[in-house]
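One structure below.
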Amino acid sequence: MKSPVVASRQSWFARNRMLLLTVTIVAAYAVFIEWFWGWASIVGQWAAVGALPVVTALVLLTSTYFLRTWRIYDYFPRETAGRFQTLFRVTQIHNLLNIMMPFRTGETSFPVLMRTEFGIPLARATSALLVMRLLDLHALLAAAGIGFAIGASHKVLVWLAWGVFLLLPVAGFTVRKTLLRFAGKLLPSKLHHFVVEIENGLPANASAFARAWAMTVINWLVKVLVLAWALSLMGVLPLAASFGGALGGELSSVLPVHAPGGVGTYPAGITAGAVAFGAYGERAAVASLAQASINAHLLIIVSALTGTAVSLPFGRRREL
């Protein structure tokens with residue numbers, strides 16, 4: 001029989017195994033950067049850019065977290081009314097967990113936090129999260145499609161395909177009730193309340209859908225343009241390659257193939273996106289791209305930490 005001390009120790013490791021894995025991987029990442037480039041070289045690239053552009057990029061990236069919060073605030077107006085600060089704290093904790101946890105497992109925190117803070121049922125919050133993530137992915141893929149359409153040989157066909165893809169969210173919203181009715185017929189009666197909650201987690205009407213879609217586009221437009229600007233300042237050229245790098249990094253963050261802290265996967269996404277959009281292939285340019293991808297990744301992490309630090313004073317509502 002295990003002693004209470006051993007059992008407690010094992011329980012602690014079981015509860016914190018994902019945190020320990022994340023810390024270990026991030027530490028290994030830091031050691032790898034020092035071994036391969038040296039932190040002096042990485043910091044030197046920021047120093048060459050200058051303090052003002054770095055601070056500006058950080059402020060603009062942090063501002064996108066307020067846009068994300070507003071999207072959720074508008075999505076659940078009745079439940080979140082008058083509690084924007086608390087919602088901002090919830091979204092920042094969720095965002096940080098998403099970045100630090102592997103394979104998007106941090107997503108599970110959103111419905112739990114929304115139920116804890118605002119009493120929103122898990123199925124409803126999960127449905128809303130799925131809609132928002134699909135809109136996020138669609139916005140990034142649509143932006144990437146513009147770049148490929150510009151460089152395509154059969155421009156008319158590619159632009160037509162892009163236009164059809166652009167309207168997919170509208171089509172999905174239009175047939176949502178039909179799909180839910182079909183799901184209700186397939187599922188046993190005891191699961192019908194889950195279908196109802198899923199429907200409640202979808203935009204209530206066309207106006208709510210349009211606002212959610214518009215805020216998604218604005219959020220990603222700001223974030224991708226800021227990242228592209230930062231990458232171009234760090235020598236990722238031509239400008240199209242900077243844009244592709246920003247898209248590649250963000251796509252890696254919304255897909256399931258996401259390492260703890262984005263270690264390795266986010267810089268790899270930036271590199272792949274930049275190469276796909278015409279990054280220069282000379283040895284010096286490739287080395288500069290590799291360092292810039294690391295620095296852009298660090299910028300994302302610092303902005304997430306900044307947003308979380310700003311949100312922490314907005315504690316949970318005290319029960320009277």
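We're numbering straight along the sequence, starting at 1.
- Under the salt bridge (charged side-chain N to carboxylate O under 4.0 Å, His left out) criterion, no residue pair touches residues 46-68, with sequence neighbours excluded.
- Taking a 4.5 Å side-chain heavy-atom cut-off between Ile, Leu, Val, Met, Phe, Trp and Tyr, the cluster of Val175 extends to Leu179.
- Between the Tyr266 side chain and the Ala296 main chain, no donor and acceptor come within less than 3.5 Å of each other.
- The shortest side-chain heavy-atom distance between Glu117 and Arg89 falls under the 4.5 Å cut-off.
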Practice prompt. Apply side-chain contact (heavy atoms from CB on, under 4.5 Å) to Phe88 and Trp70, showing your working.
Written response: CA-CA 8 Å; Phe88 180 65; Trp70 185 262; over 6 Å; no
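- Other residues sharing the hydrophobic cluster of Leu160, ordered by chain and number and joined by side-chain separations under 4.5 Å: Val156.
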N/O donor to acceptor pairs below 3.5 angstrom from side-chain atoms of residues 226-242, sequence neighbours left out:
unit_1	atom_1	unit_2	atom_2	d
Ser232	OG	Ala228	O	3.4
Ser232	OG	Trp229	O	2.6
Ser242	OG	Ser232	N	3.4
Ser242	OG	Val236	O	2.6

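- Under the 4.5 angstrom side-chain criterion for Ile, Leu, Val, Met, Phe, Trp and Tyr, the cluster partners of Leu166 are Ile146, Ile150, Trp159, Trp162.
- Here salt bridge (charged side-chain N to carboxylate O under 4.0 Å, His left out) pairs that include residues 145-174, with residues two or more places apart or in two chains, number zero.
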Discussion item. Could you go through Arg115 and Glu79, starting from their C-alpha distance and side-chain angles, then the distance that decides it, and tell me whether this counts as salt bridge (charged side-chain N to carboxylate O under 4.0 Å, His left out)?
Written reply: CA-CA 10 Å; Arg115 183 181 65 175; Glu79 295 83 357; over 6 Å; no
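- In this structure Phe243 satisfies the ring pair (Phe, Tyr, Trp, His ring centres under 6.0 Å) test with no other residue, sequence neighbours excluded.
- For residues 270-290, every residue pair satisfying the ring pair (Phe, Tyr, Trp, His ring centres under 6.0 Å) rule, not counting sequence neighbours, is listed here: Phe148-Phe277.
- Side chain of Ser288 to main chain of Ala284: no donor-acceptor pair is present (N/O by atom type, distance under 3.5 Å, no hydrogens or angles).
- In terms of modelled atom types and a separation under 3.5 Å, the side chain of Ser63 and the main chain of Leu60 share a donor-acceptor contact.
- Within the structure, side-chain hydrogen bond (donor to acceptor under 3.5 Å, both in side chains) contacts touching residues 201-213 (residues at least two apart or in different chains) are Asp74-Arg211, Ser207-Arg211.
- Listed by first and then second residue, the side-chain hydrogen bond (donor to acceptor under 3.5 Å, both in side chains) pairs that reach into residues 125-135 are Glu107-Arg133, Arg133-Asp136, sequence neighbours excluded.
- Among residues at least two apart or in separate chains, salt bridge (charged side-chain N to carboxylate O under 4.0 Å, His left out) pairs with a member in residues 233-254 are Lys223-Glu250.
- Between the side chain of His297 and the backbone N or O of Thr265 there is no donor-acceptor pair closer than 3.5 Å.
- Residue pairs meeting the salt bridge (charged side-chain N to carboxylate O under 4.0 Å, His left out) criterion with at least one partner in residues 157-176, sequence neighbours excluded, are absent.
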